[in-house]
Amino acid sequence: MKKLLFLLLSVFTLQVAQADNDKPITFDKLPAKAQTFIKQNFPTEKVAFTKMEKGFLDTSYDVMFVNGNGVEFDKNGEWTELDCKRSSVPTKAVPAQITKFVKESHPNAAILKLERDRYTYEVKLSNFWEIKFDKQFNVIDMDMDD
């Protein structure tokens, strides 16, 4: 019994040790879908670095640009976060329903950050508003971040 417990503990320890494995990669090692997204939505941006993050059960990719903006992708090359600190998120990367809502509700604000997961989209605006949408693009939360 002690040997079995030791074996399970050893396997778990190895898995946890490998869970936080960040590895620099070249742009061409990104999934093809991620490369296409970058080329279409950030054509003039210079890539500062690209890295692959291997987690316990998942893999993700980070692309940072020279100007400080960044994009995160999941293992399939789908974007999960667009973070544009020095500019705004490219309009063609934002779902049309979100663009429409922001233009109508906050006409003078720019979208600085857009995150998505399996259930929601979260938008951070230049006027400090944070808006959360469900997958059908219904507003489910709004908050002023001051």
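Residues Phe37 and Leu82 meet the side-chain proximity criterion, which asks for heavy atoms closer than 4.5 Å. Side chains of Asn69 and Arg86 form a contact here, defined as non-hydrogen atoms less than 4.5 Å apart. Residues Val139 and Ile131 form a side-chain contact, since some pair of their non-hydrogen atoms from C-beta on lies under 4.5 Å apart. Looking only at side-chain heavy atoms (C-beta outward), Ile98 and Phe137 come within less than 4.5 Å of each other. Side-chain contact between Ile140 and Phe133: absent, with no pair of heavy atoms (C-beta onward) separated by less than 4.5 Å. Inter-residue side-chain proximity for Asp145 and Trp129 is flagged as unmet; no heavy-atom pair is nearer than 4.5 Å. Taking the side chain as every heavy atom from C-beta outward, Cys84 and Val89 approach each other to under 4.5 Å. At least one side-chain heavy atom of Val63 sits under 4.5 Å from a side-chain heavy atom of Ile38.
Closest non-hydrogen pair, Gln35 versus Asp28, comes out as NE2-O, 3.1 Å. Heavy-atom minimum distance, Pro31 versus Lys75: CG-O, 3.8 Å.
For Asp143, there are no side-chain contact (heavy atoms from CB on, under 4.5 Å) partners at least two apart in sequence or on another chain. In this view, Phe49 satisfies the ring pair (Phe, Tyr, Trp, His ring centres under 6.0 Å) rule with no residue, not counting sequence neighbours. With sequence neighbours excluded, the residues satisfying salt bridge (charged side-chain N to carboxylate O under 4.0 Å, His left out) with Asp83 are Lys85. When the salt bridge (charged side-chain N to carboxylate O under 4.0 Å, His left out) test is applied to Lys92, no partner is found at least two apart in sequence or on another chain.
Within the model, atoms OG1 of Thr36 and CG of Asn41 stand 10.5 Å from one another, a figure rounded to the nearest 0.5 Å. Here the OG-CG distance, from Ser88 to Leu125, works out to 11.0 Å after rounding to the nearest 0.5 Å. The structure places CE of Met52 at 6.0 Å from CD1 of Ile25, a figure rounded to the nearest 0.5 Å. To the nearest 0.5 angstrom, Asp74 atom CG is 7.0 Å from Asp58 atom CG.
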Apply side chain to side chain contact (heavy atoms under 4.5 Å, CB included) to residues Glu130 and Glu122 and explain how you reach the verdict. CA-CA 7 Å; Glu130 294 180 7; Glu122 189 170 326; 3.8 Å; yes
Could you walk me through whether Ser87 and Asn67 pass side chain to side chain donor-acceptor pair (under 3.5 Å), step by step? CA-CA 9 Å; Ser87 60; Asn67 67 359; 4.8 Å; no
Assess whether side chain to side chain contact (heavy atoms under 4.5 Å, CB included) is satisfied between Tyr61 and Thr50, documenting all intermediate values. CA-CA 7 Å; Tyr61 300 90; Thr50 308; 5.6 Å; no
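Note on Met144 and Val123: same hydrophobic cluster, where clusters join Ile, Leu, Val, Met, Phe, Trp and Tyr whose side-chain heavy atoms are under 4.5 Å apart, directly or indirectly. Placement of Val47 and Leu30 within a single hydrophobic cluster is found when ILVMFWY residues are connected by side-chain heavy-atom separations under 4.5 Å, directly or transitively.
The aromatic rings of Trp79 and Tyr121 sit tilted, their planes meeting at an angle between 30° and 60°.
Within the structure, every pair that satisfies the salt bridge (Lys or Arg N to Asp or Glu O under 4.0 Å) test and touches residues 31-50, not counting sequence neighbours, is listed here: Lys33-Glu78.
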Extract all donor-acceptor atom pairs below 3.5 Å that involve side chains of residues 100-115 and protein atoms in other chains or at least two apart in sequence.
from   : atom 1 : to     : atom 2 : distance (Å)
Ser105 : OG     : Phe101 : O      : 3.2
His106 : ND1    : Asn127 : ND2    : 3.1

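Heavy-atom contacts from other residues, nucleotides or ligands closer than 6.0 Å to NZ of Lys135 number more than 12.
In this structure, Glu53 pairs ionically with Lys51, as a charged nitrogen and a carboxylate oxygen lie closer than 4.0 Å.
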